[in-house]
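Sequence lines set the chain letters: A, B, ... in the order given, protein chains first and strands last, and positions in each chain run from 1. Heavy atoms only: backbone and side chains are in, while hydrogens, waters and symmetry mates are out.
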There are 2 protein chains.
Amino acid sequence: MIESRERQRRKRGSLSAEEIVDAALRILDDQGEDSLTFARLGTTLGSAPTAVYRHFASRDDLLNALGDRLDAISLAGYAPTDEWRTDLEDLAWRAWRVAIAHPAASALAMSRITNGVNELRAVDAILRALERAGIRGREAVLQYQVYANIVVGSAAGHGARLSGRGEPRTPEGWVQAYTPTDPTLYPYAEALKSELRLIDYETVFAKHIEMYLDALAVLADRADAAD
Amino acid sequence: MIESRERQRRKRGSLSAEEIVDAALRILDDQGEDSLTFARLGTTLGSAPTAVYRHFASRDDLLNALGDRLDAISLAGYAPTDEWRTDLEDLAWRAWRVAIAHPAASALAMSRITNGVNELRAVDAILRALERAGIRGREAVLQYQVYANIVVGSAAGHGARLSGRGEPRTPEGWVQAYTPTDPTLYPYAEALKSELRLIDYETVFAKHIEMYLDALAVLADRADAAD
DNA sequence: ACCTGAACACCGTTCAAGT
DNA sequence: ACCTGAACACCGTTCAAGT
């Protein structure tokens, strides 16, 4: 039997930006946040590492494309309704689920401004919901930013936690170290130390979204009254 | 004249963790997010690059110490009052100002869980304010997380923008690219394109904090009523 | 036009040797 | 005990050469 370790030459035009992003996502899913290198991309693609440069100007450029891919995954099958709150809740949890499905990629690329098509689709979907809440103009752009801040920040952070060099996971939540040298200096933290040790970030996210949408509902009511 | 390019040998014990973090902060302030390397640390410290390993186990470990330093800078001169809202506003803007003063360091280290003393001081200060708002127990820990999420996420993101490979700055705000191939596909974004192009992130932050504290005030009133 | 492979200028980290 | 310097196993990126 002949072991053919030699890689076959890639036919010209057989490599595409899409296939490269596929490979990047797979590598990150399997091997974590630090695993995405040109060498590994080459191995996964069956090409020379440098072939990637024919399709992306740099690693940074590739990460932006990966970010737009995450937006695409997040929006897949999304259908807006007539309820702005339903839509903003839906979109928020979609981002959260992407962070769980692709933690390393989310940590690396989710909080990037990609200027990609799918990012634009997301912006448009959010502005549509805000419009239905009666929030328009500059206020809508402000609220879009606040909403995106919460959702993207929380999801990317969760990805970093899941993929990461972070603290070890426990069934109930996340172990957070609390071991002060002199506890009397931090009485409020000391009083809550057992609660601080176990934080369930999904509950935090749910609460955060709920609070924000409640606050938005107040603005929506005011906008209604002004109509 | 004799040019002495040779570095003098560091006396033993003359290097400290604090001095190394000083140097790291200075390098990042002067040369940006990608500039922090062991080689440059060595040059700045007048030591061999590897001397740093005597005080930090890894680059990651050093970045955690840098994160705690940012917390220290943020809290310098902080004095709590009897008004929980004043305190939470103060702490939020302190983080924002640190991001402006040290953008690259903030982008790299601000959103880390450092387990440092100054992080604990910040946690305690926030829990104190929440307690004065009548928010206690598990709810306090949840609200601490939500608040920290907003503040640290916004500030670290602002640092990344200021230090970064981001979009070019304009006097009024930040230029965000909006150049869709078919604008009719994104009607809501299209309608707000001029607003989307100019985003003032400080106004977004101010709005975000204000909304959150308003929402917290509602919880505080409910807690008062329950007393 | 697209892919390859050698070369370049780095990087973080390890470790035996100095003082 | 702490600092040094050589060595190691990588990195992203450039570029001339192949097909």
Side-chain angles (χ1 to χ4, degrees), chain A residues 4-25 27-28 30-67 104-105 107-109 112 164-165, chain B residues 4-25 27-28 30-67 104-105 107-109 112 164-165:
Chain A
S4 95
R5 270 197 211 145
E6 294 299 309
R7 113 173 82 90
Q8 307 223 341
R9 181 173 247 268
R10 273 271 191 173
K11 281 171 238 158
R12 68 178 166 76
S14 70
L15 206 56
S16 67
E18 213 196 334
E19 187 187 353
I20 294 171
V21 173
D22 280 346
L25 189 56
I27 291 168
L28 286 167
D30 293 348
Q31 294 169 264
E33 209 172 326
D34 296 331
S35 66
L36 187 66
T37 66
F38 282 81
R40 259 184 279 255
L41 273 173
T43 308
T44 305
L45 293 166
S47 76
T50 53
V52 174
Y53 281 97
R54 200 54 40 182
H55 297 88
F56 296 100
S58 65
R59 189 185 133 96
D60 201 63
D61 194 29
L62 170 57
L63 286 178
N64 283 337
L66 183 65
L108 274 183
R112 282 168 175 261
R165 343 170 208 236
Chain B
S4 94
R5 275 204 204 134
E6 294 301 308
R7 114 171 83 87
Q8 305 222 343
R9 181 173 248 269
R10 273 273 192 173
K11 280 171 238 159
R12 69 175 168 75
S14 69
L15 206 54
S16 67
E18 213 196 335
E19 187 186 353
I20 294 171
V21 173
D22 280 346
L25 188 56
I27 291 167
L28 287 166
D30 293 347
Q31 295 169 261
E33 209 172 326
D34 296 331
S35 66
L36 187 66
T37 66
F38 282 81
R40 258 184 279 255
L41 273 173
T43 309
T44 305
L45 293 165
S47 75
T50 53
V52 173
Y53 280 97
R54 202 50 45 179
H55 297 88
F56 296 100
S58 63
R59 187 185 133 96
D60 201 63
D61 195 28
L62 170 57
L63 286 179
N64 283 337
L66 182 65
L108 274 182
R112 282 165 174 264
R165 339 166 212 240

Open item on the list: Counting only side-chain nitrogens and oxygens, does A/Arg40 get under 4.0 Å of the OP1 or OP2 atom of D/dC11?
Closed with: yes

Task: Distance test, side-chain N/O of B/Arg10 to OP1/OP2 of D/dC3, below 4.0 Å - done: no

TODO: May I ask you to check whether over 12 heavy atoms, not counting those of B/Glu18, lie within 6.0 Å of atom CD?
DONE: no

[atom1] of [X] versus [atom2] of [N]: gap in Å, rounded?
{"X": "A/Asp60", "N": "D/dT13", "atom1": "CG", "atom2": "P", "answer": "8 Å"}
{"X": "A/Leu108", "N": "D/dG12", "atom1": "CG", "atom2": "C1'", "answer": "15 Å"}
{"X": "B/Asp34", "N": "D/dC11", "atom1": "CG", "atom2": "C1'", "answer": "13 Å"}
{"X": "A/Phe38", "N": "C/dA6", "atom1": "CZ", "atom2": "C1'", "answer": "17 Å"}
{"X": "B/Ile20", "N": "D/dC3", "atom1": "CD1", "atom2": "C1'", "answer": "11 Å"}
{"X": "B/Lys11", "N": "D/dC2", "atom1": "NZ", "atom2": "C1'", "answer": "14 Å"}
{"X": "B/Leu63", "N": "C/dG12", "atom1": "CG", "atom2": "C1'", "answer": "12 Å"}
{"X": "A/Glu19", "N": "C/dC3", "atom1": "CD", "atom2": "C1'", "answer": "13 Å"}

Task: Nearest atoms (heavy-atom pairs only) where A/Ser14 meets A/Glu19 - done: O-OE1, 3.3 Å

Open item on the list: Between B/His55 and B/Leu15 (side chain of the first, backbone of the second, donor and acceptor by atom type, cut-off under 3.5 Å), is there such a pair?
Closed with: yes

Open item on the list: Tell me whether A/Arg40 contacts the main-chain N or O of A/Gln31 through its side chain, where contact means a donor paired with an acceptor under 3.5 Å.
Closed with: no

TODO: Nearest-nucleotide wise, let me know which of B/Thr37 and A/Gly46 is further upstream toward the 5' end of DNA chain C.
DONE: A/Gly46

Task: Contact nearer the 5' end of DNA chain C, comparing B/Arg9 with B/Arg59 - done: B/Arg59

TODO: Have a look at A/Ser47 and say if it touches a base, only the backbone sugar-phosphate, or nothing, with a 4.0 Å heavy-atom cut-off.
DONE: sugar-phosphate

Task: Closest to the B/Arg12 side chain, choosing from C/dT4, C/dG12, D/dA1 - done: D/dA1

Task: Side chain of A/Tyr53 - closest among D/dT14, C/dG12, D/dG5 - done: D/dT14

Task: B/Val21/B/Phe56 under side-chain contact (heavy atoms from CB on, under 4.5 Å): CA gap, chis, key distance, verdict - done: CA-CA 10 Å; B/Val21 173; B/Phe56 296 100; 3.9 Å; yes

Task: A/Leu66 vs A/Arg112, side-chain contact (heavy atoms from CB on, under 4.5 Å): CA-CA, chis, key distance, verdict - done: CA-CA 10 Å; A/Leu66 183 65; A/Arg112 282 168 175 261; over 6 Å; no

TODO: Starting at CG of A/Leu36, measure out to OG1 of A/Thr44 and round the result to the nearest 0.5 Å.
DONE: 9.0 Å

Open item on the list: Reading 5' to 3' and counting Watson-Crick or G-U wobble pairs with both distances under 3.5 Å, write the dot-bracket notation for DNA chain C, | for bases paired outside the strand.
Closed with: ||.|||||...|||||.||

- [ ] Compare all side-chain heavy atoms of A/Ser35 with those of A/Leu28 and state whether any distance is below 4.5 angstrom.
- [x] yes

Open item on the list: Quick check: any donor-acceptor pair below 3.5 Å linking the side-chain of A/Ser58 to the base of D/dG12?
Closed with: no

Task: Nearest-nucleotide 5' precedence on DNA chain D, B/Ser16 against A/Leu36 - done: B/Ser16

Task: Residue closer to the 5' end of DNA chain D, A/Ser35 versus A/Arg54 (nearest nucleotide) - done: A/Ser35

